[in-house]
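Structure first, commentary second.
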Protein chains: 2
Amino acid sequence: MEITDNDELLSIRAAELYYDENKTQDEVGAILKLTRWKVGRLLASAKDKGFIRIEIVHPRARRLSLERAIKERFSLADAIVVPTAGTRGQDDLRARAAQGAADYLASLRPVPRTLGISWGRTLHDVAEHLAEGWATGVNVVQINGGVSVNQRAGTAAATAFEIARKASGQATLLPSPAILERLETKQSIESDRTVAGVLTMAANASAYLYSAGVAGADSALVESGYLTSGDVDELVRRGAVGDVVGRYIDAAGMIVDPSLDERTVGMSLDALRSAETSIAVIAGEGKHAVARAVVTSGLCTVLVTDEGTALDLLDTNFPA
Amino acid sequence: MEITDNDELLSIRAAELYYDENKTQDEVGAILKLTRWKVGRLLASAKDKGFIRIEIVHPRARRLSLERAIKERFSLADAIVVPTAGTRGQDDLRARAAQGAADYLASLRPVPRTLGISWGRTLHDVAEHLAEGWATGVNVVQINGGVSVNQRAGTAAATAFEIARKASGQATLLPSPAILERLETKQSIESDRTVAGVLTMAANASAYLYSAGVAGADSALVESGYLTSGDVDELVRRGAVGDVVGRYIDAAGMIVDPSLDERTVGMSLDALRSAETSIAVIAGEGKHAVARAVVTSGLCTVLVTDEGTALDLLDTNFPA
DNA sequence: GCCCTTTTTGCTCATATGAGCAGAGCGCCG
DNA sequence: CGGCGCTCTGCTCATATGAGCAAAAAGGGC
């Protein structure tokens with residue numbers, strides 16, 4: 001019933017019978033009039049020519065091979081890559097990354113005594129995806145100034161509280177605006193005992209968890225009123241690709257506007273760079289550039305991202 | 001490094017290690033601290049919950065399970081279903097179906113002495129995909145009136161010649177328009193010795209190969225000038241879903257306009273229905289309705305189609 | 001709390017698969 | 001035409017996997 005000319009086609013027929021019809025190699029051999037060894041060889045060749053694709057379709061699946069590649073390429077301590085397969089849109093994808101980050105955080109050993117976190121939509125998602133009792137006695141401290149200008153004021157605080165509560169720990173907020181208008185105000189608020197105390201605690205945290213924003217008009221810092229969209233446009237013009245803990249960086253991971261940076265309250269990027277464990281959660285189509293800036297400039301030791309971003313990171317001819 | 005709460009998640013982790021990292025079940029067990037039997041069971045459960053998807057990515061791959069289902073549901077002698085995976089657009093998909101039809105034709109046993117064919121884009125594609133020497137001594141005969149009005153005049157003839165040449169056989173054309181204006185003309189042309197001879201040969205062919213068109217303004221019969229798009233609109237209004245060998249049928253496979261049908265030269269649908277072997281090649285998004293009409297009304301014994309159409313055919317609650 | 005039912009676990013054993021090797025077939029060159 | 005090296009085939013044997021079963025554990029009603 002089947003005239004199969006060449007080996008490639010034969011290996012496809014064999015694969016159909018073996019994988020789709022789950023017959024044994026022996027049975028396949030009987031049908032195609034081949035010895036079972038030949039069938040085995042055909043199957044092997046189909047596999048390494050890439051004709052057989054095995055995909056794990058699950059919201060919490062991961063791409064271990066990509067993780068390994070990313071880890072090596074950018075010398076990270078760890079990488080979590082969630083698959084795109086079967087996602088319905090960017091929201092879904094970000095939810096997966098958040099879940100991945102939550103899982104990673106829960107599995108982190110040693111369990112951090114103090115966890116420094118930033119705030120934003122991504123962090124909020126991570127907090128939501130953490131399981132109750134993901135750890136015990138973890139104190140959470142904010143590492144950059146919170147939102148305070150508009151109705152989203154509570155979000156940053158809520159994120160910190162939720163993460164802490166689910167680990168039966170304390171949350172410590174950083175009671176300060178994210179960016180101040182004048183350098184003097186920033187300096188004096190930093191010298192305030194309360195604020196200074198929180199900053200010290202933040203500086204000594206055993207692990208950090210943060211996300212990154214895209215430099216654009218829809219940035220959280222614009223939405224919260226710290227910057228105008230004009231300010232952001234100007235930053236972009238000067239090379240900004242996104243922000244990390246409220247600080248705008250360019251593709252090389254350098255501060256774009258030092259004077260703006262000086263007025264920004266929270267951990268410095270250098271402090272973050274010297275941290276033992278810092279987990280960056282950066283996923284979604286738009287964030288490829290920031291993600292690259294973060295990993296190439298050593299801002300994180302662990303990256304949680306999606307397959308698309310991971311592939312983009314590996315794609316280009318950066319020799320590390 | 002990994003706290004995995006429930007079994008589902010565990011089975012996903014196991015699958016990642018087993019399939020993506022190709023470790024043995026034993027090794028996976030060691031990593032996840034499970035016995036290898038547990039791993040085996042987790043893997044099995046992941047498989048039948050559908051988390052593991054194995055796909056054969058190849059232009060000439062087929063979907064045997066769908067073929068079996070279609071074959072049973074519509075009591076066909078055979079069904080060929082080509083996969084959608086990895087196609088870039090409808091053209092690609094139609095090319096695959098054409099290849100599938102060509103392969104099937106070549107593998108047909110007993111080799112038909114005379115093969116009756118229709119004409120059109122699909123048939124042309126099939127002819128192109130046939131391998132040189134796909135058979136020997138097969139005579140090809142047209143079963144419905146050819147195009148003759150415009151520049152595509154040569155296509156129908158070329159298709160027949162190509163199929164015949166590649167099988168070192170003779171091609172016999174049906175030297176008549178597809179549709180005539182007056183019934184009398186049709187009757188007299190049919191009684192012409194040459195035409196009658198061809199029709200007899202067609203009626204006695206050992207196998208038939210044809211496609212179906214969608215009832216719409218872009219139909220080949222409109223393009224060839226036999227019908228106006230207004231005519232087709234009217235046919236659609238009266239329930240036409242498409243045409244088979246130049247004859248318009250409704251969803252039940254019945255002739256939509258008997259008087260038009262009487263003026264159409266070529267094999268009748270009833271003659272086609274009583275054929276031992278008739279292969280219909282019907283693939284593409286737009287052809288679901290015609291495909292359904294063809295298979296439910298017993299017009300073909302073998303259907304060559306694509307995954308999408310096959311799923312659509314199986315989808316609805318038609319009890320055969 | 002106790003006993004019965006149901007599920008899960010760890011196992012033995014049969015089967016399926018892959019690695020590696022010896023011999024056959026084939027082309028290529030002198 | 002014969003020798004040489006190459007690839008491909010069929011095999012043996014070690015390993016990986018799945019079926020089936022008995023024991024253990026978990027749940028559930030009284």
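By convention in this document, chain letters (A, B, ...) are assigned in the order of the sequence lines, proteins followed by strands, and residues within each chain are numbered from 1.
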Applying the side chain to side chain contact (heavy atoms under 4.5 Å, CB included) test to A:L209, which of A:T122, A:V140, A:V126 qualifies?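 Result: among A:T122, A:V140, A:V126, A:V126 is the only option passing the side chain to side chain contact (heavy atoms under 4.5 Å, CB included) with A:L209.
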Check the side chains of B:D306 and B:T309 for a donor-acceptor pair under 3.5 angstrom, ignoring hydrogens and angles.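 The answer is yes; a qualifying pair exists.
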How bent is the helix from C:dG1-D:dC30 to C:dG30-D:dC1, measuring the angle between the end axes built from five pairs each, rounded to 10°?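 One end axis against the other gives 30°.
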Give the rounded distance in Å between these two atoms: [atom1] of [X] and [atom2] of [N].
| X | N | atom1 | atom2 | answer |
| --- | --- | --- | --- | --- |
| B:D48 | D:dG18 | CG | C1' | 14 Å |
| A:N22 | D:dA19 | CG | P | 10 Å |
| A:L42 | D:dC8 | CG | C1' | 12 Å |
| B:L17 | D:dT17 | CG | P | 13 Å |

Exercise: identify the closest heavy-atom pair between [X] and [Y]:
| X | Y | value |
| --- | --- | --- |
| B:E55 | B:A85 | CD-CB, 3.8 Å |
| A:L66 | A:A310 | CD1-CB, 4.3 Å |
| B:Y19 | B:K47 | OH-CE, 3.5 Å |

Any salt bridge between B:R63 and B:E307, counting N to O under 4.0 Å?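 Judged by the 4.0 Å cut-off on N to carboxylate O distance, B:R63 and B:E307 do form a salt bridge.
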For the pair A:D312 and A:R292, find out whether any cationic side-chain nitrogen is under 4.0 Å from an anionic carboxylate oxygen.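 A salt bridge links A:D312 with A:R292.
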Mark up nucleotides 5-16 of chain C, 5' to 3', with B wherever a protein heavy atom is under 4.0 angstrom from a base atom, S wherever such an atom reaches only the sugar-phosphate, and - elsewhere. ----BBBB----
Can you name the one residue among B:R13, B:K38, B:R41 that meets salt bridge (charged side-chain N to carboxylate O under 4.0 Å, His left out) with B:D7?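 One option only clears the test, and that one is B:K38.
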